[in-house]
2 protein chains.
Amino acid sequence: MRDELTHAVEDYLKTIYDLSLTHGRASTTQIAEVLEIAPASVTGMIKRLSTTRPPLVEYIKHRGVILTPEGERVALEIIRHHRLLELFLYETLGYSWDKVDAEADRLEHVISEEFEARIAEALGDPTHDPHGDPIPDKNLLMPSHAKLSLREMRPDQCGTIQRVRDNDPDLLRYLSEQGIVPQAHFIVTGYTPFDNNITILVDGQPKAVVLGPRITRQIFVEQENG
Amino acid sequence: MRDELTHAVEDYLKTIYDLSLTHGRASTTQIAEVLEIAPASVTGMIKRLSTTRPPLVEYIKHRGVILTPEGERVALEIIRHHRLLELFLYETLGYSWDKVDAEADRLEHVISEEFEARIAEALGDPTHDPHGDPIPDKNLLMPSHAKLSLREMRPDQCGTIQRVRDNDPDLLRYLSEQGIVPQAHFIVTGYTPFDNNITILVDGQPKAVVLGPRITRQIFVEQENG
DNA sequence: GACAAAATTTAGGCTAGCCTAAATAAGGAT
DNA sequence: ATCCTTATTTAGGCTAGCCTAAATTTTGTC
Ligand SMILES: [Mn+2]
Ligand SMILES: [Mn+2]
Ligand SMILES: [Mn+2]
Ligand SMILES: [Mn+2]
C-alpha cells in the first residue's frame, strides 16, 4: 500500500501526532523545537507532506498542520514500532528504562513488519511500553490511557502511576530511584500553592518526595476513588 | 573516536572489504554491481572516501581501491554488527536463515555499541553467523574460516559444510531443504568434468544431490583427511 | 603496435533535507 | 485602529547521493 517514506518524514509525522494530542493543531515552531531543526525547514517539509498523494497532513498557512487519516496511520505504525522496541530492549535485552527511547528512535524506521510481529509475539502482544505509554495494536488501535496528570492531584488523594514522559533520561533515572514507576501506588501528602509543589508517598518507599510542577506535569496517574 | 558515518559510506566500506578478500583490489564496476548503483556514482563516492581525514580507502585512478587501516576498522565494525544481528534474528527471534541478511543490512547501521554488546552477550559471544560466516570479536579480530570451496572437492573425499554465501534467499532455502547447512557432514560421490557438477551425499539425508558450479562455488567446506 | 571493446571518469543535473537572513503575517496591548 | 512582538514563510544556498550522457583511459586481440 504505502511505499517507502524517509526516516525524516516518519519523525515529522510521529511528532505531529504527539503534538496534536495535547495542542490540537501542530505549529511550525513546536515541530521545529521537538525535532531540533530550524522553523524554516519545517515549513518546507510540511508543504511537501501536504502535497503528496495521498496527503499526509492538512496544512493551512500560518495555522500549522493536522494529520490526515493516512498521515495518522503512518504515525501510529511508527509509534507501534517505537514502543514495541522500547519494551523489547527493556524486557529482552535488559536495557534500563532511560536508554530505550534513544535506541528505539533509530530502530523504529528500519525494522520490517516481520520484526514487528515477532517481537510483539515474543512480548505477548503488550499494551504498554516501559514508561506506561500505550502501544497501538496490530490494527493500530490505541489502548485507552490515563490523561490525569499528577499535577492536578491534592493531599489525601491516592492512585497509581500510569505513565511517565520518556524524553528525559536524567529525569527517568531520578524517578525510578524514588520508586516512581508505572503501577506504583502512592498517596498525596502535601501541596503548596504558588510553586505548585506536590508531595507524594510511594508505597514501599521510606520517605515522601516533593515534586515540582515541571516534574508532575510529566507524570500521568489513575486516581482512586476514596 | 570515529564520528558518524552515513549508512551509504558504511555499505561501501563493507562491500570493499568483501571484494578485497577475493579480488585483492575492489574495482569501480564490482562495487557498482554489488551496491546496484551506477559506476559513475561509485567513482564519486570513492573519491570522497579517499580524501576524508583519515582516509578510508586508498584510491588509484582507474585501478580501484583498497581499504586503509581505518577503513578496515569501520568495515569490520559493521560486519560484526551484521553477523551478530543475523544470529540474533535467527536464534532469538526465530527468523529463517534466508531472511536474516536483508533485515540485518538495515539494522547494522543504527544499533548502538550497547545493543551490539547486549546481543553478543545474550548469544554467548558467538564466532559464526547462521551461514557460517565468521564474526569479528570485540576487538575486531576475525576468526579463521574455511576457504576451500566445495567446487574443488572430488569423489570419495569427505568433509563438513562450513559456510554458505548468504546473498541469495532462494538458494539458501533450497540448500537447507537438502540438509546443506553449516556443520553438516558429507561425502562426495560424483564429479563430472566440463559441466563441473559435483554429487554429494549429506549425512542423514535420503538421497545424494547433484550441484552445479554456480552453487558449489558458494559453499565452503573443511575437508577431512581420509 | 594499432584498434576496438570494456572500464572508468568527467560533466551536468536532480531530490531530500537541512541552513541563514530577510520579508511578511498574526496577535496582543494600548 | 495602530504598533510592536512573535510566528511563519520566502529566498537563496549547501551537502549527500544518486542519475545519464559523453569523454577518456585501459586492455585484450590481431
Ligand atoms: Mn525516529
Ligand atoms: Mn516510551
Ligand atoms: Mn547495509
Ligand atoms: Mn551471513
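Computed from a predicted structure; not experimentally measured. Below, chain A is the first sequence line, B the second, and so on; all start at residue 1.
Taking only side-chain atoms of B:Lys47, from C-beta outward, the nucleotide of C:dT10, C:dA16, C:dC19 with the closest atom is C:dT10. Checking D:dT26, D:dG17, C:dA26 against every side-chain atom of B:Ala8, the shortest atom distance belongs to D:dG17. Distance from the side chain of B:Thr6 is smallest to D:dA16 among C:dT9, D:dC19, D:dA16. Listed nucleotides C:dC18, D:dT20, D:dG17 differ in distance to B:Arg48; the shortest reach to its side chain belongs to D:dG17. Here C:dT10 is the nucleotide among D:dT9, C:dA26, C:dT10 with the atom lying nearest to any side-chain atom of B:Ala40.
The side chain of A:Thr43 places no N or O atom within less than 4.0 Å of a non-bridging phosphate oxygen (OP1 or OP2) of D:dT10. Between A:Tyr12 and the phosphate of C:dC18, there is a side-chain N or O to OP1/OP2 separation shorter than 4.0 Å. Note on B:Lys61: every side-chain N or O is 4.0 Å or more away from OP1 and OP2 of D:dT24. Contact annotation: A:Ser41 reaches the phosphate of C:dC19 (side-chain N/O to OP1 or OP2, under 4.0 Å).
Distance CD1 (B:Ile60) to C1' (D:dT25): 15 Å, rounded to an integer number of Å. Remark: P of D:dA16 and CD1 of B:Ile37 are 15 Å apart, rounded to the nearest angstrom. In this structure, A:Asp11 places its CG atom 9 Å from P of C:dC18, rounding to the nearest Å. The CD1 atom of B:Ile46 sits 14 Å away from the C1' atom of D:dG17 (whole-angstrom rounding).
Using a 4.0 Å cut-off between charged side-chain N and carboxylate O, B:Arg118 and B:Glu121 make no salt bridge.
Remark: the A:Tyr95 side chain and the B:Glu114 side chain contain no N/O donor-acceptor pair separated by less than 3.5 Å.
Taking NE2 of B:His7 as the reference point, atom NE2 of A:His7 lies at 6.5 Å (rounded to 0.5 Å).
The residue among A:Glu36 and A:Arg63 whose nearest nucleotide of DNA chain C lies closer to the 5′ end is A:Glu36.
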